[in-house]
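Note sheet for the following structure.
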Amino acid sequence: MSKIEQFLTAEEEQEIIIAIRDAEKNTSGEIRVHIERESELDAFERAMEVFHYLKMDNTKQQNGVLIYVAVDAKTFVIYGDKGINDVVPTNFWDSTKDLMQSHFKANRFKQGLIEGVLKAGGELEVHFPWLHDDTDELSNEISKG
Ligand code: CA
Ligand code: CA
């Protein structure tokens with residue numbers, strides 16, 4: 001497992017994009033997925049860097065969520081913006097993380113990402129319900145490093 005192309009097929013990517021779109025139908029929050037082979041930085045620091053690089057800190061309600069995956073290190077981080085962290089407990093993403101981890105461990109990457117996206121959307125919905133004038137502030141495409 002060394003290439004991102006081997007990590008997810010084009011079809012699988014499309015399924016994940018659809019999951020992001022579905023998740024965002026229930027919340028004003030914006031979810032993005034970034035996948036790369038590896039990083040010299042600590043995964044959390046790198047997730048923070050990617051978050052800013054993708055301009056995810058520009059949402060109106062500061063409610064962007066990045067799911068960052070480093071394929072080679074088999075690690076991932078769920079990084080939420082300030083607007084989310086201000087209103088949720090620190091262990092807010094734990095159940096989403098656990099769910100994703102269980103799939104990743106069994107090499108079900110696509111399934112792990114899809115369920116992670118949908119669960120994150122469900123958790124976001126409680127604090128950031130979908131609004132009538134909601135727009136798609138951040139692209140649903142998968143970002144690759
Ligand atoms: Ca939105
Ligand atoms: Ca979006």
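Counting starts at 1 for both ligands and their atoms, in listed order. For reference, positions follow the sequence shown, starting with 1.
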Rounded distance (nearest 0.5 Å) linking atom CG of Asn85 with atom CD of Gln62: 10.0 Å

The Ca ion (ligand 1): angle it makes with OD2 (Asp134) and OE2 (Glu30), nearest 10 degrees: 150°

Sub-6.0 Å ring centroid separation between Phe76 and Tyr68: no

hydrophobic_cluster_shared for Val77 and Ile35, side chain cutoff 4.5 Å: no

N, O or S from Thr135 under 3.0 Å to the Ca ion (ligand 1): yes

For the Ca ion (ligand 2): the N/O/S atom of Asp136 at shortest distance: OD1

Contact check: Ser139 to the Ca ion (ligand 2), N/O/S below 3.0 Å: no

Phe92 and His127 aromatic centres sub-6.0 Å: yes

OE2 (Glu24) to the Ca ion (ligand 2) to O (Leu138) angle, given to the nearest 10 degrees: 140°

Ion pair check, Arg108 and Glu115, cut-off under 4.0 Å: no

